[in-house]
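Inspection log for the structure reproduced underneath, given as structure tokens.
Heavy-atom basis, side chains included; hydrogens, waters and symmetry copies ignored. Residue numbers begin at 1 in each chain, while the letters A, B, ... track the order of the sequences.
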Number of protein chains: 2
Amino acid sequence: MPNAHDPQLLKGVLSLLLLCLLAERESYGYQLVQRLREIGLSDISDGTVYPALTRLEREGRVTSRLVTSRSGPARKYYRPTEAGYAALAQGTVHWLSLADVVNPVLSRPIPAQPAPPSEEV
Amino acid sequence: MPNAHDPQLLKGVLSLLLLCLLAERESYGYQLVQRLREIGLSDISDGTVYPALTRLEREGRVTSRLVTSRSGPARKYYRPTEAGYAALAQGTVHWLSLADVVNPVLSRPIPAQPAPPSEEV
DNA sequence: GCAAACTACCTTGCTATGTCAAGTAGCAGG
DNA sequence: CCTGCTACTTGACATAGCAAGGTAGTTTGC
């Protein structure tokens with residue numbers, strides 16, 4: 001299981017990823033789930049993505065249009081609005097500045113863990 | 001406001017940061033708040049850090065000891081347990097693998113945003 | 001026709017966790 | 001004693017990921 005990701009770590013990042021993928025290419029929900037899995041989020045669930053898209057739309061960061069499909073129900077294609085592009089830019093800044101905080105700390109050498117006293121039982 | 005960080009982005013990262021800081025140096029809560037502010041999380045609140053420490057302790061990732069202080073109430077010093085060091089290692093892996101997903105996506109060039117039709121008002 | 005399988009979307013309940021605000025308490029200085 | 005700093009605690013609240021289940025349209029095979 002190379003990809004048992006911590007759900008908590010994903011928080012806030014997902015909407016950023018979605019905006020980014022949509023800026024790259026107009027997509028519908030089911031397709032986004034597949035694209036996310038392809039780029040490495042192998043165990044993401046659609047119950048996570050659809051609500052996230054709904055939120056983004058409610059917040060005015062994406063718009064959608066329905067396109068009928070010949071192999072199933074209509075697809076709801078999303079793409080960023082102007083506000084979405086702005087949010088993408090700002091979210092990117094936030095992510096990068098968080099990484100700028102976390103990475104240096106993680107890469108600082110851990111001083112000799114005091115060998116836990118081998119608790120004679 | 002150079003550091004209005006997105007609260008959601010911090011989720012899951014905070015406990016990782018705390019473990020890391022504690023692996024570096026045994027500290028008490030108030031001090032951790034200050035250390036976090038120093039490394040760039042300028043607007044983190046103590047109401048965020050103390051519960052996180054309590055959780056870490058409840059999960060057995062840190063232990064604490066009380067040390068009386070001459071300038072205020074007793075200080076509760078925390079440091080990682082063995083499980084804490086393990087969690088730190090694993091959390092680091094999770095963080096890095098998330099960054100490995102997010103960074104490439106963020107750095108992919110955004111194709112020409114279709115100029116939004118300049119809505120004559 | 002009808003059932004099964006696949007595509008596509010939505011919703012509900014659960015849970016974890018950061019945030020705000022308020023409270024408790026010890027100590028120091030005026 | 002009252003104000004202010006240090007230090008920890010607690011409770012109400014909001015957010016957002018996740019699992020599970022539900023609705024529908026299309027295609028295929030019988």
Side-chain angles (χ1 to χ4, degrees), chain A residues 3-19 27-37 41-59 61-62 64-78 87 91 94 98 101-102, chain B residues 3-19 27-37 41-59 61-62 64-78 87 91 94 98 101-102:
Chain A
N3 207 310
H5 71 86
D6 182 344
Q8 296 304 326
L9 278 183
L10 196 57
K11 297 225 170 177
V13 183
L14 179 63
S15 55
L16 180 58
L17 284 177
L18 288 175
L19 275 176
S27 300
Y28 54 96
Y30 196 80
Q31 187 182 18
L32 284 167
V33 175
Q34 294 170 329
R35 291 180 70 190
L36 287 170
R37 290 199 174 124
L41 264 43
S42 47
D43 47 3
I44 197 135
S45 95
D46 61 333
T48 298
V49 175
Y50 285 113
L53 286 170
T54 307
R55 273 197 305 276
L56 284 173
E57 187 169 26
R58 174 163 30 89
E59 294 162 355
R61 305 210 216 277
V62 299
S64 62
R65 63 194 179 98
L66 277 176
V67 177
T68 57
S69 161
R70 285 185 311 170
S71 64
R75 296 164 172 176
K76 204 169 183 177
Y77 280 85
Y78 292 90
H94 282 157
L98 180 65
V101 168
V102 176
Chain B
N3 207 312
H5 72 85
D6 182 345
Q8 299 304 327
L9 279 181
L10 196 57
K11 296 219 173 179
V13 183
L14 179 62
S15 54
L16 180 59
L17 283 177
L18 288 175
L19 275 176
S27 300
Y28 53 98
Y30 197 79
Q31 186 181 18
L32 284 167
V33 175
Q34 293 170 330
R35 289 180 71 190
L36 286 170
R37 291 198 174 127
L41 265 43
S42 47
D43 47 3
I44 197 141
S45 93
D46 60 335
T48 297
V49 175
Y50 286 114
L53 286 170
T54 308
R55 271 197 305 274
L56 284 172
E57 187 169 27
R58 173 165 31 91
E59 295 162 354
R61 305 210 216 278
V62 299
S64 63
R65 61 193 179 96
L66 277 176
V67 177
T68 57
S69 160
R70 286 183 310 169
S71 64
R75 294 163 172 176
K76 204 167 183 179
Y77 279 85
Y78 293 91
H94 282 156
L98 179 65
V101 168
V102 176

**OP:** Between S71(A) and P51(A), just flag the one whose closest nucleotide in DNA chain C comes earlier from the 5' side.
**Re:** S71(A)

Original post:
Which residue, R75(A) or S69(B), contacts DNA chain C at a nucleotide closer to its 5' end, judged by nearest heavy atom?
Top reply: R75(A)

Grab the [atom1]-[atom2] distance between [X] and [N] for me, whole Å please.
X      : N       : atom1 : atom2 : result
R37(B) : dT6(D)  : CZ    : P     : 11 Å
L9(A)  : dA16(D) : CG    : P     : 16 Å
L17(A) : dA16(D) : CG    : P     : 14 Å
Y50(B) : dT10(D) : OH    : C1'   : 13 Å
L18(A) : dA16(D) : CG    : C1'   : 12 Å
D6(B)  : dA14(D) : CG    : P     : 17 Å
H5(A)  : dG17(D) : NE2   : C1'   : 9 Å
L98(B) : dG17(D) : CG    : C1'   : 13 Å

Original post:
Is the closest side-chain donor-acceptor distance between R35(A) and S27(A) under 3.5 Å?
Top reply: yes

Subject >> First-last contacting nucleotides on DNA chain C - partner chain A, under 4.0 angstrom, heavy atom >> reply: dT7(C) to dT17(C)

Original post:
Looking at R70(B), does any N or O in its side chain come under 4.0 Å of the phosphate oxygens OP1/OP2 on dT6(D)?
Top reply: no

**OP:** Given side-chain contact (heavy atoms from CB on, under 4.5 Å), test L16(B) with D6(A) step by step and report yes or no.
**Re:** CA-CA 11 Å; L16(B) 180 59; D6(A) 182 344; over 6 Å; no

**OP:** Quick one: do V33(B) and T48(B) satisfy side-chain contact (heavy atoms from CB on, under 4.5 Å)? Show the steps, please.
**Re:** CA-CA 9 Å; V33(B) 175; T48(B) 297; over 6 Å; no

**OP:** By nearest nucleotide on DNA chain D, pick out whichever of G72(B) and G72(A) is the more 5' one.
**Re:** G72(B)

Subject >> Nucleotide nearest D46(B) when distance is taken to its side chain, options dT9(D), dG17(D), dA14(D) >> reply: dT9(D)

Original post:
Among the nucleotides dG17(D), dA16(D), dA7(D), which one has an atom lying closest to any side-chain atom of Q8(B)?
Top reply: dA16(D)

Subject >> Smallest separation among heavy atoms of K76(A) and S64(A), with atom names >> reply: CE-OG, 3.5 Å

Original post:
Which pair of non-hydrogen atoms, one from L98(A) and one from L10(B), has the smallest distance, and what is that distance?
Top reply: CD1-CD1, 4.4 Å

Subject >> Residues E57(B), Y78(B); criterion side-chain contact (heavy atoms from CB on, under 4.5 Å); working and verdict >> reply: CA-CA 9 Å; E57(B) 187 169 27; Y78(B) 293 91; 3.8 Å; yes

**OP:** Determine, step by step, whether V13(A) and V101(B) satisfy the side-chain contact (heavy atoms from CB on, under 4.5 Å) criterion, reporting the C-alpha distance in whole Å, the side-chain angles of both residues, the deciding distance to 0.1 Å, and the verdict.
**Re:** CA-CA 10 Å; V13(A) 183; V101(B) 168; over 6 Å; no

**OP:** Pick base, sugar-phosphate or nothing for K11(A), based on heavy-atom distances below 4.0 Å to the nucleic acid.
**Re:** base

**OP:** Remember a base hit wins even if backbone is also touched, and classify G29(A) as base, sugar-phosphate or nothing at under 4.0 Å, heavy atoms.
**Re:** sugar-phosphate

